[in-house]
Structure formats: structure tokens, C-alpha cells
Amino acid sequence: MAGELLTVDDALRLIEQHAAPLSPARAPLDQSLGLRLAADAVSDVDSPPHDKAMMDGYAVVADEPQRELRVIDEVLAGGVPTNTVSLGEATRIMTGAPVPVGAAAVVPVELTELINESTVRLTRPAPPAGKHVMRRGEVFARGESILPAGALITAAQLAVLAEIGVATPSVTPAPTVAVLATGDELVEAHEVPAAGQIRNSNGPMLHALVTQAAARLVPLGVARDNADSLTERITAGGAADVLVLSGGVSAGKRDLAPGVLAGLGVEQVFHKVAVKPGKPLWFGVWRRPSGRQTLVFGLPGNPVSGFVCFQLFVRPLLSRLAGGPFGGLPCVDAELAEQVTVKGDRRTFLPAQAAYENGRWAARPVAWRGSADLKGLAAANALLDLPAQEPAYAAGQRVGALLLEPVVGR
Ligand SMILES: Nc1nc2c(c(=O)[nH]1)N[C@H]1C(S)=C(S)[C@@H](COP(=O)(O)OP(=O)(O)OC[C@H]3O[C@@H](n4cnc5c(N)ncnc54)[C@H](O)[C@@H]3O)O[C@H]1N2
Ligand code: MOO
């Protein structure tokens, strides 16, 4: 009965209560991509650092009345002008170079004719002050805070950090996530399963999900369904910030994970959530006397259940530990392309194809045969969020669609 189970929102609230950003550390710029700033980034320079030419051409005084000007100097990017520009004079200047004293505008080279080595003619009236010149500090000033704590570092942020001289920013490190598949029936992808065996698909899937979430993967391989094997691998996983187990959390004879975790002192926060697929989800906290803490998820063994639970519950936690919001996949409002019936009384996440066409999102469930159907999941680019209250959703009805990948639309 879903009534006895924790709702998705209540489970998220309990996880969020244990989700605080990791302690800040310094990281070189080339290792900061995908991390978040732990402190404001402050500039040690004005930008631009000098009044700067924005065109290749001639620096002239404002509203120069004459058309034929004497070329008195040349300044390239990286150079420093030494001669003051006066009425009737021009300094040849390249994009990025400092504008000389006296000059207030730049005339692009296309609007000039060089008459001889030292004389240039302007083919149009001279521009007013400021034309093709960027003033010193126009973008930002030395001492100004340029990026706030919490900003995600991607290409543009890396570039501005380099510009302002923050070579080793204070960042929240990526959380480490240990992944352990469990099951006596598991063999690896390159092996041929014997009777009763299946290939370990959750291992590669969870490794990919951890990497996609910008966390640091600690692969722990496969534990067998016995207390010794589980204890050994789970103990190794205690070195990580988060431990993700797959399988062994429902009601079966060999579903030993909750018992082994309890024996190691991992405190259960909840077990079982009203979500489909993914009901047997387990979450706990492993606090050590040293003050170290590992947050532990027992994901259901059925592959699609594990996938959905990771996206819904593990992903927001990893984002928060990394200094970001407690948030998961982007969600859009999509129109159902066909009628959908939801069985049971759990909030259901249905693999679907979403498309953005003519300014509207539309979604259609993929052919899918339940929580063991990876073929169906692999055909999906979204998960439809269908609350249990309504058993049937009509074509044209709007529902939430969690996007699993970027969708190209029009
Ligand atoms: N009596 C009950 N039985 C079940 C319940 C329940 O509430 N009462 N819940 C069902 C639901 S829902 C799910 S989901 C599964 C979850 O079970 P476990 O988390 O205990 O996982 P296992 O029993 O170990 O395995 C389930 C299924 O998944 C396959 N599996 C496991 N690991 C992997 C892997 N690494 N790669 C690929 N496939 C894997 C495993 O072979 C089983 O087929 O329990 C229901 N039963
Ligand atoms: O939650 Mo189970 O995942 O419905 O198959």
C-alpha cells in the first residue's frame, strides 16, 4: 500500500537534511571544470586594463576636423604608446592595444587611405569620442567580485577566472561515489552467462550516472550474496562520500544488504518509497567516530528501478555535496501524444520520448515492459512524472517530463 510508504517528496526531504556541501579546497584552473566556487572570485585587474582599441586603424582626437593626418606613432597589442596624439595627428593602432594619451576614438583602417609613410587620409568625417574604444574598467574594476560563491565553473567562468588572475580558485570538491553491484547471479559483459546467470548491467550504468553527475567514481566491482563479501566491499566503500549499492534491498532470501549495513553501524534513514519503479530504495547514514560520514543508498536491483532512483534521489544529493542546488534533472511541461494508464498507487516515472516542436513540448511513452526492460529505457530521452492520484491521463493532457539528454527542438 502506497499509503504506508514514504512519498517521493518526503524521501527527498530526508536526503536533503543530510546534504551539506563538502569542505572547500584549492584546485588549479585546469582541474576546475564542472566544480563550483566555494568563495567569491575577486579581480586583481581592471577590465580592460587600459583604454583599448577595438579595431585595427588610427587613434585620433575626438571629432578631428581635418581629413589628412600626420602618422606619428604605431602601437601593437602588448605595446605601450609613448607619443601624445594632438589635432591633425594619428597613431596607427591594432585591436587590443592601449589608446595613446590625447586620442579618444579609433578610425577603422577600412575608412582610411594611406597617402605615404607618414600621412593618412580619413575617407569619412572623424568619429566622436569613444568610437571603437573600450574604456579602462568599463567591464569591471580591480577589487570587484566577478563570480559569486556557488557559481558552476564551465568554459566562460574558466575564462574570466583566468582573466582576473584566480589561478587556483577555492572550490567545493566533487564528491567521491563508490559503486557496488551485488548478486551471485552476475557475470561481466564479456562473459557468457551460464544457466541462471545474467550480465552485470547496473555496474556500467551506475558508473556512467556517477560520471555524468560530475562526481568521482570509485568502482568496487561485485559483491556476492553473503555477509562476508558484502561486509568487505561495503567497508571499502566507507572511504567515499557516498556509497551506492545495487540489489539485495527488497524482501528476498538473499536480500542481505540492509542487515549487513546495520551490522556495520550504518543508520537507516528510510527504506521503501512510493515510487514506480524503485519501491525498495534504502537510504542511510554511516557516521564514524572520526567525524567522517558516508551517505549510503541501496538501489533496487532491477536496472530501470536503479536508474530512476539514481536520477530522482542520488543526483540531487551529489549536486548539493558539490556546492550546488539540491536539484536533479531539468523538467519541462509536455503534452501527452497518447493516452497513458498508470497501474497501482505509486507515483510513476515512465520512460518516454520527448520532442520540442513548434514551440511546444510533446511526449509519448516508449514501448516498455517494466523495471527489467533496459531496451525500453535505452529508447527514452525523458521520464514522464505521473502522480498516482490519476489512473488515466488523456492525450493532450500536460505532464512533467524529466529530460535525460539535451533535446534539439524548434
Ligand atoms: N516480495 C517482494 N518481492 C519484491 C519486492 C517487494 O517489495 N516484495 N520488490 C520488487 C521490486 S519493486 C524490485 S525493484 C526488486 C528489487 O529487488 P532487490 O533490490 O532486492 O534486487 P535483487 O533481488 O538483488 O535483484 C532484482 C532483479 O535485478 C537483477 N539485478 C540485480 N543486480 C543487477 C545488476 N548488477 N545488473 C543487472 N541486473 C541486476 C536481479 O537479477 C533481479 O532480476 O524486487 C522485487 N521483489
Ligand atoms: O520498484 Mo520495482 O522497481 O517496481 O520493479
Side-chain angles (χ1 to χ4, degrees), residues 1-8 11 178-210 217 219-227 229-230 233-234 237 243-262 268 270-284 296-314 342-351 365 368-378 380 383-386 388:
M1 277 275 297
E4 297 162 13
L5 300 175
L6 212 52
T7 64
V8 169
V179 173
L180 177 60
T182 70
D184 283 342
E185 72 278 31
L186 301 178
V187 298
E188 292 310 316
H190 65 270
E191 296 179 88
V192 179
Q197 294 183 325
I198 56 161
R199 295 194 176 102
N200 173 16
S201 52
N202 290 354
M205 175 181 80
L206 292 168
H207 292 181
L209 288 168
V210 168
L217 173 71
L220 293 179
V222 175
R224 297 306 170 188
D225 290 326
N226 63 71
S229 176
L230 281 165
R233 301 286 173 116
I234 290 173
L243 168 60
V244 175
L245 305 177
S246 138
V249 290
S250 59
K253 248 181 125 172
R254 292 258 176 89
D255 292 338
L256 305 172
V260 170
L261 290 166
Q268 177 182 312
F270 65 76
H271 188 189
K272 298 194 177 160
V273 178
V275 61
K276 189 178 170 183
K279 183 178 78 171
L281 177 68
W282 191 100
F283 175 67
V296 183
F297 287 92
L299 302 187
N302 273 324
V304 186
S305 312
F307 180 90
V308 167
C309 284
F310 188 99
Q311 300 287 18
L312 294 184
F313 301 103
V314 185
V342 177
K343 292 192 215 98
D345 52 4
R346 290 179 268 155
R347 183 167 165 186
T348 299
F349 291 85
L350 211 54
W368 183 59
R369 297 191 47 81
S371 53
D373 180 356
L374 278 174
K375 182 185 169 196
L377 179 67
L383 295 172
L384 298 185
D385 178 0
L386 304 173

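Source: prediction; values computed, not measured. Start at 1 and go down the list; that is how both ligands and their atoms are numbered. Keep in mind that the numbers below use all heavy atoms, side chains included, and drop hydrogens, waters and symmetry copies.
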Have a look at ligand 1 and work out which part of [X], if any, has a heavy atom under 4.0 Å from it: side chain, backbone, both or neither.
X      : answer
Arg199 : backbone
Asn200 : both
Pro300 : both

Original post:
Among Ala257, Gly301, Pro204, which one has a heavy atom closest to atom 21 (O) of ligand 1?
Top reply: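 It is Gly301 that holds the nearest heavy atom.
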**OP:** Counting heavy atoms only, name the option from Val222, Leu245, Asn302, Leu180 that's nearest to atom 13 (C) of ligand 1.
**Re:**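 Nearest heavy atom to atom 13 (C) of ligand 1 lies in Asn302.
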Find out whether [X] and [Y] are in side-chain contact, i.e. whether some heavy atom of one side chain is under 4.5 Å from a heavy atom of the other.
X      : Y      : answer
Val210 : Val244 : no
Val249 : Leu299 : no
Gln197 : Asp184 : no
Val273 : Phe313 : yes
Phe349 : Leu312 : yes

Tell me if a side-chain donor or acceptor on [X] pairs with a main-chain N or O of [Y] at a distance below 3.5 Å.
X      : Y      : result
His271 : Gly298 : no
Arg346 : Ala274 : no
Asn302 : Val304 : no
Arg199 : Val187 : no

Can you name the closest pair of heavy atoms from [X] and [Y] and give their distance?
X      : Y      : value
Gly248 : Thr182 : N-OG1, 4.0 Å
Leu243 : Gly237 : CD1-CA, 4.1 Å
Trp368 : Leu377 : CD1-N, 4.1 Å
Leu180 : Arg233 : CD2-CB, 3.4 Å

Using a strict 4.0 Å cut-off to heavy atoms of [X], name the atoms of ligand 1 that fall inside it.
X      : result
Gly248 : 18 (P), 19 (O), 20 (O), 21 (O), 22 (P), 24 (O)
Ser305 : 14 (S)
Gly247 : 19 (O), 21 (O), 24 (O)

Subject >> Near ligand 2, at a heavy-atom separation below 4.0 Å: residues by chain and residue number >> reply: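 Pro277, Gly278, Lys279, Pro280, Asn302, Ser305, Arg346, Ser371.
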Do me a favour and list the nearest non-hydrogen protein atom to [atom] with residue, atom name and distance?
atom                    : value
atom 32 (N) of ligand 1 : Asn202 ND2, 3.6 Å
atom 12 (S) of ligand 1 : Pro280 CD, 3.8 Å
atom 6 (C) of ligand 1  : Lys279 NZ, 4.2 Å
atom 38 (N) of ligand 1 : Ile198 CD1, 3.3 Å
atom 37 (C) of ligand 1 : Ser201 OG, 3.1 Å
atom 1 (N) of ligand 1  : Ala251 CB, 3.8 Å
atom 5 (C) of ligand 1  : Ser250 CB, 3.9 Å
atom 40 (C) of ligand 1 : Glu185 OE2, 3.2 Å

Counting only nitrogen or oxygen atoms and a 3.5 angstrom limit, does [X] reach ligand 1?
X      : result
Gly278 : no
Asp255 : yes
Val249 : yes

**OP:** Among Pro277, Ser246, Ser305, find the one that has a side chain to side chain contact (heavy atoms under 4.5 Å, CB included) with Pro300.
**Re:**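 Passing option: Ser305.
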Original post:
Can you tell me how far CG of Leu230 sits from CG of Leu245, rounded to the nearest 0.5 angstrom?
Top reply: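 Result: 7.5 Å between the selected atoms.
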Subject >> CZ-CG distance between Phe307 and Leu206, expressed to the nearest 0.5 angstrom >> reply: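 One finds 10.0 Å between CZ of Phe307 and CG of Leu206.
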Subject >> Sub-4.0 Å heavy-atom approach of Ser371 to ligand 1 >> reply: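 It does not, in that no heavy atom of Ser371 comes within the 4.0 Å cut-off of ligand 1.
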Original post:
Just to confirm, does any protein heavy atom lie below 4.0 Å from atom 3 (N) of ligand 1?
Top reply: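 There is no protein heavy atom less than 4.0 Å from atom 3 (N) of ligand 1.
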